[in-house]
**Student:** 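Starting off with a structure, shown below.
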Amino acid sequence: CVNIEMFRKQWNVKSRINIKTKSFDNIDISFSRVLYRHKEIESNAIIGAEFRILNHIGYVNFNHNKISFLNSGTLGISFEARDFDIGGFVFTSPTNSINVSTYLIESFNYDKLNFEFGARYNFDKITPEAEKPNAKIGTIRERTFNTYSLSFSTLYELTKKVYAGFNVSKSSRVPTIEELYSEGPHLAAYSYEIGNPELEAESGFGSELFIYHKFDNLYFNINLFRNDLSNYIIPRNTGDTNFQTFLPIYATSGVEAILYGIENQVDWNATKNISISSTVSYTKGEFKGSGNPLPQIPPLKGRVGIKYSVDKLSLELNTEFAAKQDNVDEFEEPTAGYVIFNSALQYSFSTNGLIHNLSLNFDNIFNKEYRNHLSRVKSILPEAGRNLRLTYKMFFDVE
């Protein structure tokens, strides 16, 4: 049995400077400081794993109006500084990382066609507290990455209510600290994690075809996508066990992969007070070349809900469902399908410049036992049963 103690403290500051010139509209500025602590306490009261993560995140966006044939766009720069400290019986090196990015997003129209272009450059430096040339997982050392991403999309107006489009992109992702340097048990995830300090950045090409209908009371969207990845970073169950902890060993590697699937969303305002919504998604992932299934690919899943709203009060009933997933990797367990039912009651009101939100959620009403295919603990622990949750939120209403 493992108990988890979590603490999170976050500060956010946002500002907008209005310029309102012929070419420039405004400047958006954001800064966040996030402190997260996580302790995994074993049944004998010993701390098996402890994580302390301090993040500083910010960006500055320059937003412009129409310039030549460009309708609008954003030029921005962002940064993230992360201090990752570890304790307990986890032997991953404490690590600092920094990311600096610059990006550009532009849009323009031609007749019934709308085009959007995006580009992003990233510099990442990941520095472990101490270099270990003879670590069991390889040479633990500082790594730097220079990556870029590009995207181009177009949207065509078939009618005033129906639109179709496609998107192509070249994407990249830098491996995380955990993927590079993990070297020990992660009890809450029921795994002994082995990183790979030789990992290169994840890279690939993606394409997406979509069509949506936007009527007065009905929104319908369907997306088809395909991603061809040359270095897809995944942790895989090796089939081995670490007998000191009796945890299955997961090792991280980069592989060539293909992912494709379909997504659908429907929102219908049936009456003034009643709305119905649904989402469905299906993804298939394969190792490129062999066609064998990738690990941790979700099954066909979705959600259907009905909501009644009047004045400041709303009541929602919804159901979540998933099909079985037996198209699995070599040492991955299949999962059965399930259907669960949830409800939510919400009341909102404002007083003296404050917005108050009170919600009562009743999840898994019929106490169904089910397992999430993406959870590593599914073999020993199902998802939560019947759960009642009361939440109060307060917001500042700033004009």
**Student:** Does I258 form a side chain to side chain contact (heavy atoms under 4.5 Å, CB included) with K288? I'd like the steps, not just the answer.
**Tutor:** CA-CA 6 Å; I258 300 286; K288 196 173 179 181; 4.2 Å; yes
**Student:** Counting only N and O atoms by type, is there a donor-acceptor contact under 3.5 Å from the side chain of T238 to the main-chain atoms of A251?
**Tutor:** no
**Student:** Show the nearest heavy-atom pair for residues G195 and I137, with the distance to one decimal.
**Tutor:** O-CB, 3.8 Å
**Student:** Between N12 and Q10, do the side chains contain an N or O donor and an N or O acceptor separated by less than 3.5 Å?
**Tutor:** yes
**Student:** Going by the salt bridge (Lys or Arg N to Asp or Glu O under 4.0 Å) test, name the single residue among E198, E131, E129 that passes it with R141.
**Tutor:** E198
**Student:** Supply the atom-to-atom distance Y308 OH to L317 CG, rounded to the nearest 0.5 angstrom.
**Tutor:** 13.0 Å
**Student:** How many angstroms lie between OG in S348 and NE2 in H356, if you round to the nearest 0.5 Å?
**Tutor:** 10.5 Å
**Student:** Could you grab the distance from atom CG of N96 to atom CG of L54, nearest 0.5 Å is fine?
**Tutor:** 9.5 Å
**Student:** Run the numbers on Y148 and Y121 for ring pair (Phe, Tyr, Trp, His ring centres under 6.0 Å), then give the verdict.
**Tutor:** CA-CA 4 Å; Y148 70 94; Y121 164 77; 8.7 Å; no
**Student:** Yes or no on side chain to side chain contact (heavy atoms under 4.5 Å, CB included) for K284 and E286, after CA distance, side-chain angles and deciding distance?
**Tutor:** CA-CA 7 Å; K284 188 163 184 176; E286 301 173 346; 3.4 Å; yes
**Student:** Quick check on K307: does its NZ atom have over 12 non-hydrogen neighbours (other residues, nucleotides or ligands) under 6.0 Å away?
**Tutor:** no
**Student:** Is the side chain of T95 donor-acceptor paired with the backbone N or O of S93 at a distance under 3.5 Å, no angle test?
**Tutor:** yes
**Student:** Got more than 12 heavy atoms from elsewhere within 6.0 Å of OH, Y110?
**Tutor:** no
**Student:** Would you say the side-chain atoms of R371 pair up with the backbone N or O of K378, donor to acceptor, closer than 3.5 Å?
**Tutor:** yes
**Student:** Does any N or O in the side chain of T283 come within less than 3.5 Å of the main-chain N or O of P298, such that one atom is a donor and the other an acceptor?
**Tutor:** no
**Student:** For the pair N367 (side chain) and R386 (backbone), establish whether a donor and an acceptor sit closer than 3.5 Å, ignoring hydrogens and angles.
**Tutor:** yes
**Student:** Hey, could you give me the CG/OG1 distance between L75 and T102, rounded to the nearest 0.5 Å?
**Tutor:** 5.5 Å
**Student:** State whether the number of non-hydrogen atoms from other residues, nucleotides or ligands found under 6.0 Å of K324 atom NZ is greater than 12.
**Tutor:** no
**Student:** Check the hydrophobic clustering (I, L, V, M, F, W, Y; side-chain heavy atoms under 4.5 Å; chains of links allowed) and say if F205 and L224 are grouped together.
**Tutor:** no
**Student:** Would you tell me whether N99 and S101 have side-chain atoms, one donor and one acceptor, within less than 3.5 Å of each other?
**Tutor:** yes
**Student:** Under a 3.5 Å distance rule, please check whether N231 uses its side chain to pair with a backbone N or O of A201 as donor and acceptor.
**Tutor:** yes
**Student:** Check for me, please, whether V280 and V304 land in the same ILVMFWY cluster - side-chain distances under 4.5 Å, paths through other members count.
**Tutor:** yes
**Student:** Would you sort out whether V328 and H373 count as a side chain to side chain contact (heavy atoms under 4.5 Å, CB included), showing the intermediate values?
**Tutor:** CA-CA 10 Å; V328 294; H373 185 74; 3.7 Å; yes
**Student:** Test your reading of the model: is there a side-chain donor-acceptor pair from N364 to the backbone of A384, 3.5 Å cut-off?
**Tutor:** yes
**Student:** I'd like to know whether NZ of K170 has more than 12 heavy-atom contacts from other residues, nucleotides or ligands below 6.0 angstrom.
**Tutor:** yes
**Student:** What's the shortest heavy-atom distance between R8 and Y36, and which atoms?
**Tutor:** CB-CD1, 4.3 Å
**Student:** Please check if any side-chain donor atom of N223 sits under 3.5 Å from a side-chain acceptor atom of E208, or the reverse.
**Tutor:** yes
**Student:** Which atom names give the shortest non-hydrogen contact between L70 and H64, and what distance separates them?
**Tutor:** CB-CE1, 4.3 Å
**Student:** Between atom OG1 of T319 and atom OH of Y338, what is the distance when rounded to the nearest 0.5 Å?
**Tutor:** 10.0 Å
**Student:** Membership question, hydrophobic clusters at under 4.5 Å side-chain separation (ILVMFWY): are L229 and V174 in the same one?
**Tutor:** no
**Student:** Report the distance from atom CG of N264 to atom OG of S278, rounding to the nearest 0.5 Å.
**Tutor:** 6.0 Å
**Student:** Checking E142 against T127: is there a side-chain donor and acceptor pair closer than 3.5 Å?
**Tutor:** yes
**Student:** Does F62 form a ring pair (Phe, Tyr, Trp, His ring centres under 6.0 Å) with F24? I'd like the steps, not just the answer.
**Tutor:** CA-CA 8 Å; F62 298 87; F24 287 93; 7.5 Å; no
**Student:** Other residues, nucleotides and ligands only: do more than 12 of their heavy atoms fall within 6.0 Å of NZ on K161?
**Tutor:** yes
**Student:** I need the minimum non-hydrogen distance between R173 and I233, along with the two atoms involved.
**Tutor:** NH2-CB, 3.4 Å
**Student:** According to the interplanar angle, ranging from 0 to 90°, do the rings of F210 and Y212 count as parallel (below 30°), tilted (30 to 60°) or perpendicular (above 60°)?
**Tutor:** parallel
**Student:** Using distance alone, with no hydrogens and no angle criterion, decide if D28 and N63 have a side-chain donor and acceptor under 3.5 Å apart.
**Tutor:** yes
**Student:** Start with the C-alpha gap between R37 and E50, add the side-chain angles, then the distance that decides, and say whether salt bridge (Lys or Arg N to Asp or Glu O under 4.0 Å) holds.
**Tutor:** CA-CA 7 Å; R37 297 195 69 136; E50 183 175 5; 3.0 Å; yes
**Student:** Angle between ring planes, F69 versus F108, binned at 30° and 60°: parallel, tilted or perpendicular?
**Tutor:** perpendicular
**Student:** Give the cluster check for V34 versus F79: same hydrophobic cluster or not, with ILVMFWY residues linked at side-chain heavy-atom distances below 4.5 Å.
**Tutor:** no
**Student:** Are there more than 12 heavy atoms of other residues, nucleotides or ligands under 6.0 Å from atom CZ of F331?
**Tutor:** yes
**Student:** Could you check whether R143 pairs with E200 (Lys NZ or Arg NE/NH1/NH2 to Asp/Glu carboxylate O, under 4.0 Å)?
**Tutor:** yes
**Student:** Could you go through L218 and V266, starting from their C-alpha distance and side-chain angles, then the distance that decides it, and tell me whether this counts as side chain to side chain contact (heavy atoms under 4.5 Å, CB included)?
**Tutor:** CA-CA 7 Å; L218 176 66; V266 179; 3.9 Å; yes
**Student:** For ring pair (Phe, Tyr, Trp, His ring centres under 6.0 Å), just list the numbers for Y347 and F349, CA-CA rounded to whole Å, side-chain angles, deciding distance to a tenth of an Å, and then say yes or no.
**Tutor:** CA-CA 7 Å; Y347 180 70; F349 62 97; 5.5 Å; yes
**Student:** Cluster question for you: counting only ILVMFWY and a side-chain heavy-atom cut-off of under 4.5 Å, with indirect links fine, are F51 and Y192 together?
**Tutor:** yes
**Student:** Are the side chains of Y103 and S78 in touch, meaning some heavy atoms are under 4.5 Å apart?
**Tutor:** yes
